[in-house]
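What follows is a single structure, written as structure tokens, with notes after it.
Numbers for residues simply follow the sequence, beginning at 1. What you see is a predicted model; the values in this text were computed from it and never measured.
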Amino acid sequence: MASHRKPRQHPLAAFTGGSRSARTARTAATLALAGAATATGFDGTGQAAPQLTPAQVKDRVHALYQEAEVATQSYDGAKEAAGTAREELGRLQDEAARRTARLNAARTELGTMAASQYRSGGVDPTVRLLLSADPQRYLDGAAVLERAGSHQATAVAGYARRLGSVRQVQRRAEDTAQRLAQTEAALKKHRVTVVHKLGAAEQLLNRLTAEQRQRMAARGGAHGAHGGAAHRADHAAGHGDGSAEAARTGAGAAAAAAQAPDSRAARAVAYAYAALGKPYVWGATGPSGYDCSGLTQAAWRSGGVSLPRTTYTQISSGPRVARSQLAPGDLVFFYSGISHVGIYVGDGKMIHAPHPGAPVRIAPIDQMPFAAATRPA
């Protein structure tokens with residue numbers, strides 16, 4: 001996987017902590033950078049950002065995460081395209097080298113023929129016939145020369161074909177190299193966009209006190225999900241010890257797999273359950289971290305199905321499924337731009353990778369605007 005820059009530890013991953021003195025020291029720079037990173041700011045000008053209520057911060061953070069996810073999917077698509085172009089360029093360069101070697105061999109053969117003809121030529125055939133002590137031997141030799149001339153013509157035509165094929169492959173390699181350069185430029189642009197959006201969200205959250213962040217987590221936070229530390233604390237407080245929670249998770253995984261339409265979907269569901277708690281990392285496909293489409297791709301790969309990389313392409317990986325007909329393993333997509341995806345596990349719930357600071361988790365599918373569902377085939 002190509003390297004990518006991880007954002008700093010996100011405040012959503014530590015709702016219960018935070019140093020008041022550190023926040024105070026960063027306040028002025030944070031407010032200024034937040035307006036710059038969001039490009040349009042809150043009032044559409046370059047002036048200092050106004051004071052926002054915690055609810056307004058939550059809404060803006062939600063919007064920034066969604067914008068970052070749109071850019072992340074574009075990044076993922078450009079990264080996949082760059083990898084494909086890079087592989088194609090390597091194949092074309094290898095093919096050009098092989099064809100050039102054959103061209104050089106043909107050139108050597110033509111050079112040998114030309115030298116031989118030069119050494120044996122220059123005397124009129126009639127004179128050679130008159131001077132020959134053995135005319136029949138000469139006539140036999142002439143027939144051989146005639147056949148050799150035919151072979152030479154064939155060799156010349158073969159050389160021309162090889163020269164044309166080398167040039168064709170070289171042109172394809174040049175076009176591919178140009179496409180790769182353009183794709184890598186787009187990759188860089190999308191990476192910058194993601195980093196800026198996530199940075200702006202972090203700066204906004206830094207404007208809240210620890211108590212305000214705690215309340216935001218209790219109400220569901222951005223995307224309607226708890227932050228990482230608060231989410232784990234809720235489990236510890238509400239579900240008893242870790243072994244009991246693990247047992248419940250295992251039972252849920254078994255039930256979802258049993259309801260899956262086939263063994264491939266069952267394996268995809270089992271993989272998604274095993275990924276619970278792993279961090280969201282934009283551009284990642286596991287096994288230590290995932291973005292939303294990276295998780296669904298990895299889950300279905302474990303079931304033997306190769307999904308494309310982005311939400312925009314995964315939605316076409318199988319027949320559409322009505323919301324009322326969802327089964328464990330189905331891919332569920334959200335927002336009008338199809339910028340988020342999760343894997344359905346039954347009972348109106350999915351497993352998804354929400355956003356930075358929020359680990360892979362189970363969530364209701366109605367916490368985001370439902371767009372469509374697909375059953376990979």
Q: Find out if a path of hydrophobic residues (ILVMFWY) with successive side-chain heavy-atom gaps under 4.5 Å connects Ile362 to Phe333.
A: yes
Q) What heavy-atom pair brings Ile343 and Val269 nearest, and what distance separates the two atoms? A) CD1-N, 4.3 Å
Q. Is a side-chain donor or acceptor of Thr374 paired with a backbone partner of Ile315 at a separation under 3.5 angstrom?
A. yes
Q. Are Leu180 and Leu92 linked, directly or through other ILVMFWY residues, by side chains that come within less than 4.5 angstrom of each other?
A. no
Q) Hey, is the main chain of Pro287 close enough, under 3.5 Å, to the side chain of Lys278 for a donor-acceptor pair? A) yes
**Q.** Arg102, CZ: over 12 other non-hydrogen atoms inside 6.0 angstrom
**A.** yes
Q: Please name the pair of heavy atoms, one in Tyr280 and one in Ala358, separated by the smallest distance, quoted to 0.1 Å.
A: CB-O, 3.6 Å
Q) At what distance, to the nearest 0.5 angstrom, does OG of Ser74 lie from CG of Asp76? A) 9.0 Å
Q: Using distance alone, with no hydrogens and no angle criterion, decide if Ser293 and Gln73 have a side-chain donor and acceptor under 3.5 Å apart.
A: yes
Q: Measure the spacing between CD of Gln297 and OG of Ser306 and express it to the nearest 0.5 Å.
A: 6.5 Å
Q) Under 3.5 Å, side chain of Trp282 to main-chain N/O of Val195, donor-acceptor pair present? A) no
Q. Same cluster for Phe370 and Val321 if Ile/Leu/Val/Met/Phe/Trp/Tyr side chains link at under 4.5 Å?
A. yes
Q: Return yes if some donor-acceptor pair links the side-chain N/O of Gln325 with the main-chain N/O of Ala322 below 3.5 Å, else return no.
A: no
**Q.** Step-by-step side-chain contact (heavy atoms from CB on, under 4.5 Å) determination, Leu187 to Tyr75
**A.** CA-CA 6 Å; Leu187 191 65; Tyr75 171 88; 3.6 Å; yes
Q: Only one of Arg172, Gln93, Arg179 passes side-chain hydrogen bond (donor to acceptor under 3.5 Å, both in side chains) with Glu88; say which it is.
A: Arg179
Q: Measure the spacing between OG1 of Thr72 and CG of Leu198 and express it to the nearest 0.5 Å.
A: 6.5 Å
Q. To the nearest 0.5 Å, what is the distance between OG1 (Thr296) and CE (Met350)?
A. 11.5 Å
Q.
So which atom in Ser339 and which in Glu69 form the shortest heavy-atom distance, rounded to 0.1 Å?
A. O-CG, 3.1 Å
Q | Test side-chain hydrogen bond (donor to acceptor under 3.5 Å, both in side chains) applied to His340 and His352, His355, Gln66, the passing residue | A | His352
Q.
Using modelled atom types and a 3.5 Å cut-off, is there a donor and acceptor pairing between side-chain atoms of Ser316 and backbone atoms of Tyr312?
A. no
Q) Which heavy atom in Ala81 sits nearest to a heavy atom in Thr183, and how many Å separate them? A) CB-CG2, 3.9 Å
Q | Step-by-step side-chain contact (heavy atoms from CB on, under 4.5 Å) determination, Ile351 to Tyr344 | A | CA-CA 6 Å; Ile351 292 176; Tyr344 189 70; over 6 Å; no
Q.
Could you see if Val169 belongs to whatever hydrophobic cluster contains Leu89? Use Ile, Leu, Val, Met, Phe, Trp, Tyr and a side-chain cutoff under 4.5 Å.
A. no
Q. Is there a side-chain contact between Ile365 and Arg323 (heavy atoms, below 4.5 Å)?
A. yes
Q. Hey, are Glu95 and Arg98 close enough for a salt bridge, meaning a charged N less than 4.0 Å from a carboxylate O?
A. yes
Q | Side chain to side chain, Gln178 and Gln182, heavy atoms closer than 4.5 Å | A | yes
Q) Can you find a heavy atom in the side chain of Lys79 that is under 4.5 Å from one in the side chain of Arg309? A) no
Q) Quick check: does any side chain N or O of Asp330 sit under 3.5 Å from a backbone N or O of Arg375, one acting as donor and the other as acceptor? A) no
Q) CG of Leu204 to CG of Asp59: how many Å apart, nearest 0.5 Å? A) 11.5 Å
Q) At their closest point, which heavy atom of Ala272 faces which heavy atom of Ala299, and how far apart are they? A) N-CB, 4.5 Å
**Q.** Pairwise distance OG1(Thr84) to CD(Glu80) - rounded to 0.5 angstrom
**A.** 5.5 Å
Q.
Salt bridge or not between Glu174 and Arg167? Use side-chain N to carboxylate O under 4.0 Å.
A. no
Q: Taking Asp347 for its side chain and Lys349 for its backbone only, find out whether a donor-acceptor pair lies under 3.5 Å.
A: no
Q: Return the minimal non-hydrogen interatomic distance between Pro359 and Gly277, and the atom names on each side.
A: CB-O, 3.5 Å
